[in-house]
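As the structure is a computational prediction, the values presented were derived from the model and not from experiment. In what follows, every chain begins at residue 1, and chains take the letters A, B, ... in the order their sequences are listed. The basis for the numbers below is simple: all heavy atoms, side chains too, and nothing from hydrogens, waters or symmetry mates.
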Amino acid sequence: MKSIPLDSLKDELKNGVDYFICSSSFEERSTAVLMAAGSEFVSKKAFVFFVRDVKDYLEYSERQFIEELGGKLEFVEISFRHYVETADKVLSVLEGIVESAEGDSPRVLVDVSTFTHELLLLVLWGLKKYSSMLSATLVYVNVDEYDTSTKEPEGKWLSRGLLNLHSVFGYAGDMIPSKSNRLIVIVGYEYERALSVIDLLEPNFVSLAYGKPDESTAAKHQSANEHFARLLKEMTQTTYNPDLIELPCNDPWKSRQIILDHVAPHIDKENIMIIPMNNKLTTIGAALAAFEDSRIQLCYGPAAVYNFGAYSRTGSRCYVIESLFDDMC
Amino acid sequence: METNNPFLVTTPENMSAEEAVELFVDVFTDFSQLLNVGHAIVRGPRGVGKSMMFRYLQPDCQCIAAKRPLRELNHLGIYIPLRSAGFTRFTELRKIDIRDADTIVSEHVMICYLLSRAFSELSRLSDYENDSNEKQQLSEFFNGRLAYALGGAEGDNLLSKDIGAACTADTFQFFCDSFDNLYRQASDFIARSDSKLSLAGYEGPLFTYLDDFIPIMDGLTSLDFLPSGPVFLLVDDAHMLTKTQTRILNSWIASRTSKTVSLKVSTQYDYKTLYTTMGMTIDAPHDYDDIDLTVVYTSARKRVYRTRVKDIVEKRLKRAGIGASAEEFFPQDEKQEREIKKIEEQYIERFDAGKGRGAKRHDDANRYARPDYIKSLGGDRKSTSTYSYAGFDQLVHLSSGVIRSFITSAFKMYSVQESRHGTSGKVDLIEPSLQSEIARNEANDYLLDLYDRGCDLDECSDGKMGQPDSDAKRLFNLIVGLGSTFRSFLLSDRSERRIFSVALTDDPVEEINNVFSLGVKLGYFHRATIGRKDGDLGGRVPLFILNRRLAPCWNLDPTSFAGYWFTTNDTLFGFMVDPKTTARRVARDLNGDSDDSPQLALFNY
């Protein structure tokens, strides 16, 4: 994995790819890769996931995708509420890419920056399934600031409410009726939603993980993440006495290992459920952990409403991840 | 975490039997149907005590409470928690869309879960003799009931364990492991199916309630070392089930099997459906007893809820080594109560002089003294916010029939009081000022929680992401409008000033119904019924009672809300859109309205 300035992405992608996959979003970040690299890097087709539940907030990014990608563009409509249908569509996109390959493995660039955590997990599951038949590179654009309308980190909000809670397709885990349940929450800014999940599930045990970035520019994210994790710990202290674990915000492999190390003493006696609510890189880490140990379940709970107007400001760097599944059998 | 706080909220499932029995207050006189043979659906918001009742009905608690050995209990309670049950959020189950396959597979998965939990619970009991009689019976039970059901690999696996040799608890654990394995087998099969699920490749059993579960339960109750009475299957949080799973559960309720297995189902107010898998509905009382805990605890039954809370509080205090009564531990603001008492005496004098409004000597004193005191804090004094909500009675009222609300508040109060004491030791009481401060903070937080759900809609013009956000905003406005209106009633000269509920003079339109439904679901309103205002039309209409926890938001009198207010769809729409203007208009109309509706006792004691 490498971290490069967003401006360098065009050069990084000079060899081009066959297919581009990304998601339309109310965040300006959704078109950052396309605007930085230019549409020439895509030779065949671009699949843009389009969440119909928030379609009124996607007009701007939708226009940009149409302008830049023209005839190469295909919108794939998905929904927060119809997650089995979403899983089918994600698989269908990847199956189509694999089936249309002529000889060499098609090269696919996936911009995960504005995927929902669930969509990211679905795409990863599909990429792993077809990992021997295509060559996938992930790109993640960082965020300079979340909730640009609020200065104090402790006052920031990204979403409210919890629509439902379900296991992510492909990550059912091994939920044995007679075992007790441990919920691991990877906390970000959305501590209120995390609290709702804990309240809803009433697990026997809780662990709280928060992201710790290395770069100083993201120090403010760290203080907010840590703040919300500690707030959540305080709120659940007397009932659960949760463990607090630190995950690196920018190293999915390390996150994977820390998660696996944390669950190892528990997994024989407890059902392990993880709900990733931090950045996409830690979510990739959670997915890698679940691929390594399929007894781990990954869950997702969409929010009832998002901070559409001021969710984030795009950062100036991006992470490029190649060969994500190379070390996995 | 270690804490001295006597009001620590522990989930009943995690409580030891000793602790559960020690803390339990017998509420079954309020809901005697729960102890009868027969199915029941128990409804109520979170925290009203459903899970605690179920915990108490489990055999380990019953042995302690009844002081009887296991075999002599009246029933065998098996706890089935659905809140954390994997199959309720198992996404792959939803991809089954082949006709009837979804119910067949879902029912099998549910039965495996029930049987695993049942045998797991039995394996944790310690009241066994482990003698040859038990071993013999267990072998016969296995051969007669389980072996056929398990079949194949699991049956062989169990045989290899030499059931006759193991102790009883271990034998039940073997059975539990088998059903865990079958659950895993079915889940794996479903998870690994790529496309729409076909059962063609599935090689395991497919259990049904009538053909498999009931005979196994019947076999269990035939074991002479277990209770011979029916199994009470204590299904907790059934609102977590999907619609298909709920229909399956309803089909079980509709079956005439309650003498073997009585289903006691708890749910919040969003139980998905009353339809069965055959398209019929289950009906109360024909198929089941319908028990609404909120209605019971906000009904006119005298002092019931207060008595329950007092018992619960005093048990917890005693356990913590605090000898005070509930009233002593939560004292009222004496200065305030003296002032109110003076006003009461004035009303009694007025009655004695023939100038009273009420029928009985203390009626006016009870109705008007506290509202008059609150009124007196406004005006020139401008100190409405100094009304104190301290005192056990007021705190009981504020908890609005939900015991957890009381306990959670008490927990906070104790924590803060303890921190004020520093290291000087025990807390003997909660200072009135602290009680009131926390009650006010909680009321504001409770209301703001709803505001937060909808506040961003100021930026998002018409509230997309579906109805929930728009309804949340409308609900917030409605509550604010009603609260302001109820305050106007309190400060008026009407004969009934303590209004805390609303009903419609015309039939509610869908939008208003949706908002109130959300309000009930989230606990901001309780729902009851009342006779129509226009008696000629006959019938009853819904009555929505605002959660008393919100009383401090508008400095309302939380004690004894006896009155209700009839209004129109238009007015309620007005609140939803512009609560401030509408409330002002209503307040103006109020002063010119001489309507003195007869009182309906809702929560008098």
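- Smallest separation of non-hydrogen atoms from A:Met175 and B:Gly86: CB-CA, 4.3 Å.
- From B:Met240, atom CE reaches atom CG of A:Leu165 across 7.5 Å, with rounding to the nearest 0.5 Å.
- Partners of B:Phe207 by ring pair (Phe, Tyr, Trp, His ring centres under 6.0 Å), not counting sequence neighbours, listed by chain and number: B:His108, B:Phe179.
- Here the side chain of B:Arg117 pairs a donor or acceptor atom with the backbone of A:Pro177 at under 3.5 angstrom.
- In this structure, no portion of A:Glu85 lies under 4.5 Å from any heavy atom of chain B.
- Considering OG of A:Ser294 and CG of B:Asp188, their distance stands at 8.0 Å, rounded to 0.5 Å.
- Between B:Arg89 and A:Cys299, the closest heavy-atom pair is NE-SG, 4.1 Å.
- Distance check: A:His166 NE2 to B:Leu93 CG gives 13.5 Å after rounding to the nearest 0.5 Å.
- The contact between B:Tyr113 and chain A is made by backbone and side chain atoms together, counting heavy-atom distances below 4.5 Å.
- Chain B is approached within less than 4.5 Å, heavy atom to heavy atom, by A:Asp199, A:Leu200, A:Leu201, A:Glu202, A:Asn204 from residues 195-204 of chain A, ordered by number.
- With sequence neighbours left out, B:Phe213 forms a ring pair (Phe, Tyr, Trp, His ring centres under 6.0 Å) with B:Tyr209.
- Under a cut-off of 6.0 angstrom, the local environment of NZ in B:Lys521 is sparse, with at most 12 non-hydrogen atoms contributed by other residues, nucleotides or ligands.
- In plain terms, the two heavy atoms of B:Ser116 and A:Ser178 that are nearest each other are OG-N, 3.5 Å.
- Among the candidates B:Val9, B:Asp180, B:Leu115, B:Thr11, the residue making the largest number of heavy-atom pairs closer than 4.5 Å to chain A is B:Asp180.
- Ranked by heavy-atom pairs under 4.5 Å with chain B, the list A:Ser159, A:Ser167, A:Gly173, A:Ala172 is led by A:Ser167.
- Interface remark: B:Ser187 contributes no atoms to any contact with chain A (heavy atom separation under 4.5 Å).
- Within the 4.5 angstrom heavy-atom criterion, only side-chain atoms of B:Phe411, from C-beta onward, approach chain A.
- Here the closest non-hydrogen pair linking A:Gly170 and B:Glu92 is N-OE2, 2.7 Å.
- Of the two parts of A:Val51, neither the backbone nor the side chain holds a non-hydrogen atom closer than 4.5 Å to a non-hydrogen atom of chain B.
- For chain A, the nearby part of B:Ser120 is the side chain; its heavy atoms alone come within less than 4.5 Å.
- Contacts of B:Glu107 classified as salt bridge (Lys or Arg N to Asp or Glu O under 4.0 Å), with partners at least two apart in sequence or in another chain: none.
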